[in-house]
Protein chains: 2
Amino acid sequence: MARRNDHSRDEIREMALAAAEKLVSAQGAKGLSARKVAAAIGYTVGTLYLVFDNLDDLILQINARTLDRLHDRMLEELARHKDPMERLLQLGHTYISFADEETHHWELVFEHRLPEGQQPPEWFREKVARMFSLVETSLEPLATTRSPDEIKQAAAALWSGVHGICILAISKQLDVAGVDSVQDLTHSLMSNYLRGFVGSNR
Amino acid sequence: MARRNDHSRDEIREMALAAAEKLVSAQGAKGLSARKVAAAIGYTVGTLYLVFDNLDDLILQINARTLDRLHDRMLEELARHKDPMERLLQLGHTYISFADEETHHWELVFEHRLPEGQQPPEWFREKVARMFSLVETSLEPLATTRSPDEIKQAAAALWSGVHGICILAISKQLDVAGVDSVQDLTHSLMSNYLRGFVGSNR
DNA sequence: ATGGTAATATGAACGATGTTCATTTAGTTT
DNA sequence: AAACTAAATGAACATCGTTCATATTACCAT
């Protein structure tokens, strides 16, 4: 069978991504394979390679969509609060909740490694940077005396910290039980850090 | 060829681990395979499975050794400093340096995932917990008014934070250049957090 | 209608992976 | 020397990512 013309390239692409996301969501990165995705959308492996460069490319596309969802959630959260401190804390909680609800997708974003020496494409790194920006702009009103560079660094430190809690929680290496404890940890990290950062000039 | 009796089980085990570590060190997790390890020590795949349950087991053993090296480095660092604050900051720097010097090994410890549902064995989780304990005991003298639980939580938050910086730095998702900038970030995170944690009662 | 062209999809093939286990081999014991 | 047993093998199986010569069919010009 060939030249069925059942679907356009873009349709196949979309179907493949949806099927792949279903696999990842259910079984994590290890549950994903080219043949499984192909079978799930009623095509063969070869077809997948007409639409994606390779599996890494496919995964990158999935991750892009995940980062977009996360970004949306964070934007919504920012819209809900006016107080700067409240905003930051809620941002952290949103991050944790997202990782908890979409664990496998979140893991795929941050644990998938490209072949040695290869860097993620610029558009991808941009999506990560965008997240840090959200933190930066939320941080600004809290530290009006600080230079832009200091704020940038503080945002990076703070968000890396939240990220680290997330990672260790997911890999069960923090012996805390349940999401709530993780939220507490996050709160501790953020509020103490912010008190230190805001409260003093050095 | 069979029954060579060239080496004892333990010798083969040691040889295999050494060879595997060489592979990981040079090419990361993706460079590791049962056949490659076997070839490197002059045995066949089958033999490897007489000594290890499976590849996950082998990797767990490598990771145990890595965690031991890291723990040693941290102990040394603690012995070098008396001032509590100095101790904590140096501990953070040691962690970053280790990850920078043994990147592939460090990655293998924290990014290797066991099959769905399977937890790391207790002895492994103990090695991770041991690291957190080091932070806890260093933190105690700085926060004499705090309860053990609060200190435990603070140590977890602090160390997760350092860990997060490490992760993002290694995956090149922090747009900072060089190890020194990462050290600066770590310093920022730790010193601000500690000022917040120590300086106030709530 | 018919033939030709080009787009579309296939699936066999390749080299790699983890894992198993019947079989072979070489020490050890009787 | 024969029997026994521990040690090591390597072929076999199912899976993986990736490629590409081939087959099929839609479309278009005649």
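By convention in this document, chain letters (A, B, ...) are assigned in the order of the sequence lines, proteins followed by strands, and residues within each chain are numbered from 1.
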Problem set entry | Under 3.5 Å donor-acceptor, B/Thr144 side chain and B/Pro141 backbone | no

For this session: Going 5' to 3' through nucleotides 15-21 of chain D, assign each nucleotide B (protein heavy atom under 4.0 Å from a base atom), S (under 4.0 Å only from sugar-phosphate atoms) or - (no protein heavy atom that close).
Result: -BBBBB-

To the nearest Å, give me how far apart [atom1] ([X]) and [atom2] ([N]) are.
X       : N      : atom1 : atom2 : value
B/Asp6  : C/dG27 : CG    : C1'   : 12 Å
B/Leu48 : C/dG18 : CG    : P     : 10 Å
B/Asp57 : C/dT19 : CG    : C1'   : 14 Å

Apply side-chain contact (heavy atoms from CB on, under 4.5 Å) to [X] and list each qualifying residue two or more places apart in sequence or on a separate chain.
X        : result
B/Ala34  : B/Val45, B/Leu48, B/Tyr49, B/Leu55
B/His7   : B/Glu11, B/Ile12, B/Met15, B/Tyr43
A/Ser181 : A/Val176
B/Glu140 : B/Ile151

For this session: Would you check, one step at a time, whether the test side-chain contact (heavy atoms from CB on, under 4.5 Å) holds for B/Ser188 with A/Tyr193?
Result: CA-CA 9 Å; B/Ser188 160; A/Tyr193 179 88; 3.1 Å; yes

Exercise. Just checking, any donor-acceptor pair under 3.5 angstrom between side chains of B/Asp56 and B/His112?
Worked result: yes

Which atom pairs, donor and acceptor, lie under 3.5 Å between side-chain atoms of residues 159-170 of chain B and protein residues at least two apart or in another chain?
| from | atom 1 | to | atom 2 | distance (Å) |
| --- | --- | --- | --- | --- |
| B/Ser160 | OG | B/Ala156 | O | 2.6 |
| B/His163 | ND1 | B/Tyr95 | OH | 2.8 |

For this session: For A/Asp57 and A/Gln61, run side-chain hydrogen bond (donor to acceptor under 3.5 Å, both in side chains): C-alpha distance rounded to whole Å, both residues' side-chain angles, the deciding distance at 0.1 Å, then the answer.
Result: CA-CA 6 Å; A/Asp57 182 27; A/Gln61 309 296 329; 2.9 Å; yes

Problem set entry | Five-pair end axes of the helix from C/dA1-D/dT30 to C/dT30-D/dA1, angle between them (10°) | 30°

Only distances under 3.5 Å count here; give the side-chain donor-acceptor pairs of residues 17-27 of chain A to other protein atoms, sequence neighbours excluded, each with its distance to 0.1 Å.
| from | atom 1 | to | atom 2 | distance (Å) |
| --- | --- | --- | --- | --- |
| A/Glu21 | OE1 | A/Arg65 | NH2 | 3.1 |
| A/Glu21 | OE2 | A/Arg65 | NE | 2.8 |

For this session: For DNA chain D, find the residues of residues 7-22 of chain A with a heavy-atom distance under 4.0 Å and give them by number; none if there aren't any.
Result: none

For this session: Using a strict 4.0 Å threshold on nitrogen-to-oxygen distance, state whether B/Arg73 and B/Glu101 make a salt bridge.
Result: yes

Exercise. Tell me, which pairs form a salt bridge (Lys or Arg N to Asp or Glu O under 4.0 Å) where one or both residues lie in residues 105-115 of chain A, sequence neighbours left out?
Worked result: A/Glu107-B/Arg113, A/Glu111-B/Arg113, A/Arg113-B/Glu107, A/Arg113-B/Glu111

When the side chains of residues 116-129 of chain B are checked against the rest of the protein, which donor-acceptor pairs come out under 3.5 Å, sequence neighbours left out?
| from | atom 1 | to | atom 2 | distance (Å) |
| --- | --- | --- | --- | --- |
| B/Arg125 | NH2 | A/Lys172 | O | 3.4 |
| B/Lys127 | NZ | B/Asp68 | OD1 | 2.9 |
| B/Lys127 | NZ | B/Asp68 | OD2 | 3.4 |

Within the sub-3.5 Å range, which N or O atoms of nucleotides 3-6 of chain D have a protein N or O partner, and how far apart are they?
| from | atom 1 | to | atom 2 | distance (Å) |
| --- | --- | --- | --- | --- |
| D/dA6 | O4' | B/Arg3 | NH1 | 3.3 |
| D/dA6 | N3 | B/Arg3 | NH1 | 3.4 |

